[in-house]
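Data first, discussion second: the structure below is written as structure tokens.
Below, each value reflects all heavy atoms present in this structure, side chains not excepted, and no hydrogens, waters or symmetry copies. We count ligands from 1, going down the list as the structure has it; atoms in each ligand are counted the same way. Please read these numbers as outputs of a predicted model, since none were measured by experiment.
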Amino acid sequence: MKPRVLVTREVFDEVLECLARHFDVESNQDDVPLGAEELARRLADKDGAVITLSDRIDEALLARCPRLKAVCNIAVGYNNIDVAACRARGVMATNTPGVLDEATADFTWALILATARRLTEAEAWLRAGRWEGWKLKQFLGHDVHGATLGILGMGRIGQAVARRARGFDMTVLYHNRRRVDAAIEQSLNARYVSLDELLARADILTLNVPYTPETHHLIGAPQLRRMKPNAILINVARGGVVDDRALVEALKQGTIAAAGLDVYENEPKLLPEFLELKNVVLAPHIASSTESTRRRMAMMAAENLVAALTTGKPPNLITG
Ligand code: DGY
């Protein structure tokens, strides 16, 4: 009998075809989000699963799924998975590192430019039929070229963001848990600074850190107060890295100038105040969403599951 696996959300056909060569596959091509109860019910008789960042894999769920041997996330971030609980129960967990770096860096820049140049605000105004002609002071924005870019988190995605800054003649500062190699700093023309200095000097601050207990509310009211009043905050990392309530206040009070956000606390239920603010550009967690990137992420998760259940050695193991 083939191992039984669950694919918790809609995926591309080739992903199901790949899985079906090895497993009995139950898939949720209707893409209806599975609540915790339904997820546990469907996983109870499965050997493995391809999951997404909306599926919480924790001890309570694992306790109800005794056959489960592998959960393969279609995401590089894995804060939805209790890694320690998986380890303790011998469940392999995997993620999708590398394949989404460039698409995510591209989108970081889309948010930087849209936010600095007030693109979505201006478009909404034009679509509302309010444009009566050119005006000197219309939608004055912030210069991106020549500005100081602060990167918080200089992993693969942070570095891809920094590479793109070269074309904009920017000063690039970064802060990271560990300073990166001198050769990388040199190639990116990026200077390591303390978090305090980064906050104080960045005109544009992008967040590129994983969400962990250590990065929870890394940017809250005290950090926002240290930033410049003309600063722009960009978050494509994870909701929870920023204290959203504090950010709403900072945007209302003019503590910082604007924000470009792809991720939120309690997604998809973002704070309604964000919708009222003009100085924020909002996207629905799509930084990695290009056709080729999302196909590669999903296929990578499927390949991890095949490797996990056939050899016990998935390439992108996070529970090792
Ligand atoms: C990730 O891979 O962690 C992204 O947030 C998914 O889009």
Side-chain angles (χ1 to χ4, degrees), residues 7-12 15 28 31 33-34 39 49-58 70-83 86 92-112 114 151-161 176-177 206-219 233-242 244 259-270 281-305 314-319:
V7 181
T8 64
R9 297 299 294 269
E10 184 182 14
V11 290
F12 302 97
V15 175
N28 177 15
D31 212 25
L34 306 179
L39 183 63
V50 169
I51 62 170
T52 72
L53 48 82
S54 320
D55 303 313
R56 175 104 201 110
I57 305 295
D58 55 16
V71 286
C72 299
N73 221 18
I74 308 181
V76 65
Y78 52 85
N79 52 295
N80 56 313
I81 300 174
D82 183 336
V83 172
C86 285
M92 293 171 269
T94 66
N95 70 341
T96 61
V99 288
L100 47 79
D101 301 345
E102 301 301 325
T104 303
D106 286 349
F107 194 78
T108 304
W109 276 90
L111 277 183
I112 290 174
I151 300 178
L152 182 48
M154 199 50 131
R156 287 183 311 264
I157 296 174
Q159 291 178 28
V161 171
N176 200 42
R177 265 173 314 172
T206 82
L207 308 179
N208 301 98
V209 291
Y211 182 48
T212 64
E214 291 74 42
T215 62
H216 176 71
H217 287 187
L218 187 58
I219 302 295
L233 178 71
I234 303 294
N235 188 9
V236 297
R238 270 292 181 276
V241 173
V242 174
D244 282 354
L261 307 175
D262 187 45
V263 289
Y264 312 86
E265 296 191 279
N266 304 316
E267 282 177 27
K269 292 187 171 61
L270 63 163
V281 173
L282 304 169
H285 204 146
I286 55 169
S288 65
S289 192
T290 66
E291 169 103 25
S292 69
T293 298
R294 287 280 169 95
R295 278 185 191 276
R296 288 169 73 195
M297 289 166 68
M299 190 52 100
M300 198 169 175
E303 287 165 358
N304 273 315
L305 187 55
N316 307 110
L317 191 66
I318 55 179
T319 42

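- Annotation: atom 7 (O) of ligand 1 to nearest protein heavy atom, Ser288 OG, 2.9 Å.
- Listed by number with element, the atoms of ligand 1 under 4.0 Å from a non-hydrogen atom of Gly77 are 1 (C), 2 (O), 3 (O).
- Side-chain contact, Asn304 with Asn316: a donor N or O sits under 3.5 Å from an acceptor N or O.
- For ligand 1, the atoms closer than 4.0 angstrom to any heavy atom of Arg294 are 7 (O).
- For the residue pair Glu265 and His217, a side-chain donor N or O sits within less than 3.5 Å of a side-chain acceptor on the partner.
- The proximity of Val263 to ligand 1, defined as any non-hydrogen pair under 4.0 Å, does not occur for either the backbone or the side chain.
- Across Ala93 and Ile81, no two heavy atoms sit closer than the pair CB-CG2, 4.1 Å.
- If you check the side chains of Asp106 and Thr108, you find no donor sitting under 3.5 Å from an acceptor.
- Neither side chain, Asn80 nor Asp55, offers a donor N or O lying under 3.5 Å from an acceptor on the other.
- The closest protein non-hydrogen atom to atom 6 (C) of ligand 1 is Leu53 CD2, 3.6 Å.
- Close approach of ligand 1 to Leu100 (heavy-atom distance below 4.0 Å) involves ligand atoms 2 (O).
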Worked verdict on Ile219 versus Leu207 for side-chain contact (heavy atoms from CB on, under 4.5 Å): CA-CA 9 Å; Ile219 302 295; Leu207 308 179; 4.0 Å; yes
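- Using a 4.5 Å heavy-atom threshold, the side chains of Cys86 and Met92 count as separate.
- The N/O atoms of Val76, backbone and side chain alike, include one that comes under 3.5 Å of an N/O atom in ligand 1.
- An N or O contact shorter than 3.5 Å links His285 to ligand 1 by distance.
- In terms of polar-atom proximity, Ala75 is not counted as a contact of ligand 1, lacking any N or O under 3.5 Å from an N or O of the ligand.
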